[in-house]
There are 2 protein chains.
Amino acid sequence: MKISTKGRYALRMMLDLALHNTGEYISLKDISQRQGITVKYLEQIVTVLAKAGFVHSQRGNNGGYRLARKPEDYTAGDILRVMEGNLQPIACLEADPNECARSAYCSVLPFWQGLGKVVNDYVDSVTLEELADQARFMAGNDYSI
Amino acid sequence: MKISTKGRYALRMMLDLALHNTGEYISLKDISQRQGITVKYLEQIVTVLAKAGFVHSQRGNNGGYRLARKPEDYTAGDILRVMEGNLQPIACLEADPNECARSAYCSVLPFWQGLGKVVNDYVDSVTLEELADQARFMAGNDYSI
DNA sequence: CTCAATTCCTATCATACAGGTATAATTTAT
DNA sequence: ATAAATTATACCTGTATGATAGGAATTGAG
């Protein structure tokens, strides 16, 4: 019952991009220094975010990444689901194909469905802009975090 | 972001005991047949439950396990936390010793704390008795599930 | 007392995933 | 051209998960 580092780091990376959302491209090197995550690991994470259309990339010198939309148009849930897959607590609640044989008469299923719902509702209630606001508030306008 | 089979099976096992809560001891063999889980795997799970004082065991012929308290005195959260550890979404939120170095100025921490709270509040809002009611309702008094 | 049922204890094993490193190819701005 | 950056791929190590298995110890019933 844990969020993996990929999901956590993705959130911090998107937050970093939101705090430096000037329109210019931000290099992974800069993000790496601010966040204390190796460039190599960030590459793996940002590749997924780019494929999902969450960030735009620019190759070459002065290249890097920037947000594809405005910070208020991402929820934390959007970002986490891209990295972690759906946020359902058990496999039975994912796509129907690999449906559990007991599902028709599984009396615990509604309980798990309820848990999946509160989790997804919560993470979708927080936007990237709100996280950025929180970061600016805590850092007193020092966006290095 | 998944509950492991240990947690899921523990819940089904406790539910099975609740549905057969006659005061007599229930053998793992019986539970195994009803739940489709091997006796050997059930042993591992019930050992944890017994150490936590959630079930009482009786050795020897006609031995087995029974609930230590009434079904309404367990929450699903009690059972899951015993098997899964605390249900916090990230390690930073566990015991203070291995505290993250960034925690003092981590602007994402409140978000994760909020997620941990909705998860724990939800699982603590459902009792074993309520799960048993649901099972009896769905099975029409056939407690085999 | 003995036997059978059952808990208890300790291994073992395969697989998957997490977390991270390394190397090299390709693209682009200047 | 060349430097900086992305992109792709492959590899590595450790740990957790999801089981299975063998056997010892305990107990109740006959």
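In what follows, every chain begins at residue 1, and chains take the letters A, B, ... in the order their sequences are listed. Computed from a predicted model, the values in this text were never measured in an experiment.
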A:Tyr74 and A:Phe54: ring pair (Phe, Tyr, Trp, His ring centres under 6.0 Å), yes or no, with the steps? CA-CA 9 Å; A:Tyr74 299 91; A:Phe54 283 19; 5.6 Å; yes
Q) Does a nitrogen or oxygen in the side chain of B:Ser4 sit under 4.0 Å from OP1 or OP2 of D:dG18? A) yes
Side-chain atoms of B:Tyr65 come closest, of D:dT7, C:dC8, C:dT6, to C:dC8
Rounded to whole Å, the OH-P distance (A:Tyr41 to D:dT9) equals 19 Å
Sorted by position of nearest nucleotide on DNA chain D, 5' first, the leading residue of A:Asn61 and A:Thr47 is A:Asn61
To the nearest angstrom, the CD-P distance between B:Glu24 and D:dG28 comes to 15 Å
**Asked** If only side-chain N and O atoms of B:Thr5 are considered, is one of them under 4.0 Å from the OP1 or OP2 phosphate oxygen of D:dG18?
**Response** yes
Testing C:dG19, D:dA8, D:dT20 for proximity to the side chain of B:Thr38, the answer is D:dT20
Considering residues, nucleotides and ligands other than B:Glu43, do more than 12 of their heavy atoms fall under 6.0 Å from its CD?
yes
Out of C:dT7, C:dA5, C:dT23, minimum distance to the side chain of A:Lys40 belongs to C:dT23
Do other residues, nucleotides or ligands put more than 12 heavy atoms under 6.0 Å from the CD atom of A:Glu72? yes
Regarding the side chain of A:Gln44, the nearest nucleotide among C:dG20, C:dC8, D:dG28 is C:dG20
Considering only heavy side-chain atoms of B:Ser27, the closest of D:dG28, C:dT6, C:dC8 is C:dT6
Counting only side-chain nitrogens and oxygens, does A:Gln58 get under 4.0 Å of the OP1 or OP2 atom of C:dA29? yes
_Quick check on D:dA19: is either OP1 or OP2 less than 4.0 Å from any side-chain nitrogen or oxygen of B:Tyr9?_
yes
When rounded to whole Å, the CD1 to C1' distance for the pair B:Ile31 and C:dT7 reads 13 Å
